[in-house]
Protein chains: 2
Amino acid sequence: MVRLDLNIDRTSPVPLYHQVAQGIESAIHSGALAPGSRLENEIDLAARFSLSRPTMRKAMDELVRSGLVVRKRGVGTQVVASQVRRNLELSSLFDDLQHSGKRPTTEVLSVAHIDADDVTREALQLPQGARVYQISRVRSMDGKPLALMENLVRDDIVDLDEESLSERGLYEILRAAGVNFRLANQRIGAVTANEQQARLLKTTVGAALVTMERTAVDDQGRSVETGRHVYRADAYSFEMTLVQR
Amino acid sequence: MVRLDLNIDRTSPVPLYHQVAQGIESAIHSGALAPGSRLENEIDLAARFSLSRPTMRKAMDELVRSGLVVRKRGVGTQVVASQVRRNLELSSLFDDLQHSGKRPTTEVLSVAHIDADDVTREALQLPQGARVYQISRVRSMDGKPLALMENLVRDDIVDLDEESLSERGLYEILRAAGVNFRLANQRIGAVTANEQQARLLKTTVGAALVTMERTAVDDQGRSVETGRHVYRADAYSFEMTLVQR
DNA sequence: CAGTGGTCTAGACCACTGC
DNA sequence: CAGTGGTCTAGACCACTGC
């Protein structure tokens with residue numbers, strides 16, 4: 001059982017529960033809290049940091065949901081054996097790669113302002129006659145093509161053109177236009193590369209590709225964007241930590 | 001704005017916040033709360049159901065995390081436009097298929113009690129010299145092979161043999177042996193079928209397969225099981241709802 | 001400025017676990 | 001039986017939004 005030490009700043013705008021969760025997370029990643037070790041009980045922890053128990057619990061909940069600790073009633077809280085943990089987050093491939101320190105580049109193949117077909121209208125919950133942006137892009141890393149992306153975006157939020165899309169990720173542009181993404185429904189599967197895909201991804205016809213279809217919803221409940229992406233399976237996979245509900 | 005009516009049973013062992021969340025979920029699925037509609041504010045709702053505000057909030061949090069509603073400070077809570085929602089849960093393919101009303105069958109190809117290799121020892125956090133069960137199975141539905149599963153299970157929890165595994169899912173057996181799964185780290189990718197895979201899955205060499213590698217952790221922090229599964233891409237994909245943290 | 005969700009406190013009672 | 005996490009109450013103050 002390790003005695004935990006945390007710095008908590010009550011003047012910070014960062015919520016106390018989040019500061020605590022981050023502090024414990026750091027202690028786990030630094031090794032101060034070893035895999036398998038037990039944490040003090042939440043009542044003592046709350047008292048030691050001069051926090052109310054609900055606030056301490058909220059911090060623990062955050063750690064449970066991120067998969068760093070497991071709790072058992074009547075027993076206690078344990079640090080999970082370390083492993084590469086990677087939550088599947090509501091972000092884009094562009095964000096993913098940037099955060100990992102890589103330098104993604106994007107080639108915009110086409111941007112069109114078109115009538116939405118039935119499937120798109122259904123996915124984006126748009127009325128008959130609505131128009132959308134249709135975007136095709138290739139994303140590369142270190143000059144090697146990684147993903148082929150086709151997106152359909154509602155046209156009543158921001159104007160899209162080739163120039164801005166080649167500089168910034170689609171999600172970055174939408175966020176800058178005031179869109180706060182809240183959730184996404186997605187499906188991951190596999191296909192083999194057809195001739196066009198093979199050419200654009202510089203691989204061979206028949207190569208394994210990971211497919212991802214996603215529709216993203218913002219804080220106003222609007223379906224903002226839907227897309228189908230294919231990734232070279234030898235260069236990308238989806239990692240996630242699932243937590244029991 | 002819809003006036004919500006819920007039945008709450010204070011004598012039930014089901015937590016109040018969960019009863020409320022379920023009640024609202026039912027109202028959404030039944031259409032009583034239409035997609036896009038606004039909910040009453042949480043303080044009024046709490047008062048109307050004679051609940052404290054924290055309890056009401058906990059119910060709302062549950063709905064947010066399941067992707068049914070979105071909230072915005074200063075504005076309110078909205079029902080998300082309906083869509084097929086399917087959380088990626090901590091369950092097995094066997095559970096998935098059973099819950100969907102299908103009849104999965106399992107053919108056990110082999111069960112062996114072997115010395116764990118380095119990769120397995122690393123994944124399951126086992127000491128040098130540890131032994132594990134190695135299981136190979138084919139899962140089919142309506143007689144059509146769907147998935148090829150190789151699992152490695154620590155051997156200090158329950159004895160595994162061909163007979164029990166052909167009757168019950170691995171997870172079912174482990175749960176019955178007292179294992180409470182809490183989280184899993186998994187990676188989803190794609191490959192093309194090799195000769196052996198093609199034969200067992202009754203498909204062709206070169207067909208697209210979805211791959212899933214998973215390590216599952218229980219409430220004692222033990223890595224109980226690690227496995228690599230491949231699925232026929234024309235028969236299975238992973239659907240999930242991601243919620244912004 | 002009124003209305004909304006977000007954070008936080010200081011408790012109470014309970015269910016479950018392992019000895 | 002002692003120790004732990006799970007649920008619940010009844011408030012307070014605040015930040016943000018849209019008019």
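Below, each value reflects all heavy atoms present in this structure, side chains not excepted, and no hydrogens, waters or symmetry copies. Protein chains get the first letters and strands the later ones, always in sequence-line order, with residue 1 at the start of each. Just so it is clear, the structure is predicted and the values come from calculations on it, not from any experiment.
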Peer 1: Using whole Å, what does the distance between atom C1' of nucleotide C:dT9 and atom CG of A:Leu51 come to?
Peer 2: 10 Å
Peer 1: Does any pair with a residue in residues 15-37 of chain A pass salt bridge (Lys or Arg N to Asp or Glu O under 4.0 Å), and if so which ones, sequence neighbours excluded?
Peer 2: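 Every candidate salt bridge (Lys or Arg N to Asp or Glu O under 4.0 Å) pair involving residues 15-37 of chain A fails, so no pair, neighbours aside, qualifies.
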Peer 1: So which of residues 5-27 of chain A are in contact with DNA chain D, with a heavy-atom cut-off of under 4.0 Å?
Peer 2: none
Peer 1: Between P on C:dG5 and CG on A:Asp219, what's the gap in Å once rounded to a whole number?
Peer 2: 13 Å
Peer 1: Separation of B:Leu39 atom CG from C:dG5 atom P, in whole Å?
Peer 2: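 Nearest whole value for this atom pair: 9 Å.
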Peer 1: Output all residues satisfying side chain to side chain contact (heavy atoms under 4.5 Å, CB included) with B:Ser237, sequence neighbours left out; order by chain, then residue number.
Peer 2: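 A:Arg187.
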Peer 1: Not counting sequence neighbours, which residues clear side chain to side chain contact (heavy atoms under 4.5 Å, CB included) with B:Asp218? List them please.
Peer 2: B:Val179, B:Gln220, B:Arg222, B:Val224
Peer 1: Just the rounded figure in Å: distance from C1' of C:dT4 to CE of B:Met60.
Peer 2: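 Rounded to whole Å, this separation is 11 Å.
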Peer 1: Does A:Asp161 have any salt bridge (charged side-chain N to carboxylate O under 4.0 Å, His left out) partners at least two apart in sequence or in another chain, and if so, which?
Peer 2: none
Peer 1: With sequence neighbours excluded, what pairs up with B:Lys58 under the salt bridge (charged side-chain N to carboxylate O under 4.0 Å, His left out) test?
Peer 2: none
Peer 1: Find the bend of the helix from C:dC1-D:dG18 to C:dG18-D:dC1 as the angle between its two terminal axes (five pairs each), to the nearest 10°.
Peer 2: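 The angle, to the nearest 10 degrees, is 20°.
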Peer 1: Please answer whether the main-chain N or O of A:Leu51 pairs with a side-chain N or O of A:Thr55 as donor and acceptor at a distance below 3.5 Å.
Peer 2: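 No: the side chain of A:Thr55 does not pair with the backbone of A:Leu51.
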Peer 1: B:Arg38 has an atom CZ; how far is it from atom C1' of C:dG5, in whole Å?
Peer 2: 11 Å
Peer 1: Could you state the CZ-P distance from A:Arg182 to C:dG5, rounded to the nearest angstrom?
Peer 2: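 Going from A:Arg182 (CZ) to C:dG5 (P), I get 12 Å.
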Peer 1: Is B:Thr55 close enough to D:dT9 that one of its side-chain N or O atoms is under 4.0 Å from OP1 or OP2 there?
Peer 2: yes
Peer 1: With A:His18, which residues qualify under ring-ring contact (aromatic ring centres under 6.0 Å, His included), at least two apart?
Peer 2: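 Result, ring-ring contact (aromatic ring centres under 6.0 Å, His included) vs A:His18: none returned.
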Peer 1: Charged N to carboxylate O under 4.0 angstrom, B:Arg228 versus B:Glu213?
Peer 2: yes
Peer 1: Please check this pair: side chain of A:Arg48 against backbone of A:Leu4, looking for a donor-acceptor N/O pair closer than 3.5 Å.
Peer 2: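 Confirmed, A:Arg48 side chain pairs with A:Leu4 backbone.
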Peer 1: For D:dG5, does either OP1 or OP2 sit under 4.0 Å from a side-chain N or O belonging to A:Arg57?
Peer 2: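 So the side-chain polar atoms of A:Arg57 never come under 4.0 Å of the phosphate oxygens OP1 or OP2 of D:dG5.
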Peer 1: On DNA chain C, nearest-nucleotide positions of A:Lys58 versus B:Gly76: which is more 5'?
Peer 2: B:Gly76
Peer 1: Mind checking what makes side chain to side chain contact (heavy atoms under 4.5 Å, CB included) contact with A:Asp117, not counting sequence neighbours?
Peer 2: A:Val119, A:Thr120
Peer 1: Consider the side chain of B:Pro54, meaning its heavy atoms from C-beta on, and name the nucleotide among C:dA10, D:dG6, D:dT9 that approaches it most closely.
Peer 2: D:dT9
Peer 1: Does a side-chain N or O from A:Thr77 land closer than 4.0 Å to OP1 or OP2 of D:dT4, or not?
Peer 2: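 So the side-chain polar atoms of A:Thr77 never come under 4.0 Å of the phosphate oxygens OP1 or OP2 of D:dT4.
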Peer 1: Applying salt bridge (charged side-chain N to carboxylate O under 4.0 Å, His left out), can you list everything that pairs with A:Asp159, at least two apart in sequence or on another chain?
Peer 2: none
Peer 1: List, with names and distances, any nitrogen or oxygen atoms from the protein found under 3.5 Å away from nitrogen or oxygen atoms belonging to nucleotides 13-19 of chain C.
Peer 2:
{"unit_1": "C:dA15", "atom_1": "O4'", "unit_2": "A:Arg73", "atom_2": "NH1", "d": "2.9"}

Peer 1: Map B:Asp44 and A:Met56 onto DNA chain C by nearest heavy atom, then report which one ends up closer to the 5' terminus.
Peer 2: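 The residue mapped nearer the 5' terminus is B:Asp44.
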Peer 1: Starting at CZ of A:Arg71 and ending at C1' of D:dT4, how long is that distance when rounded to a whole Å?
Peer 2: 9 Å
Peer 1: For B:Ile43 and C:dT7, what is the distance between atoms CD1 and P respectively, to the nearest whole Å?
Peer 2: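 That distance rounds to 14 Å.
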Peer 1: Does B:Val108 have any side chain to side chain contact (heavy atoms under 4.5 Å, CB included) partners at least two apart in sequence or in another chain, and if so, which?
Peer 2: B:Val111, B:Arg137, B:Glu162, B:Leu165, B:Ser166
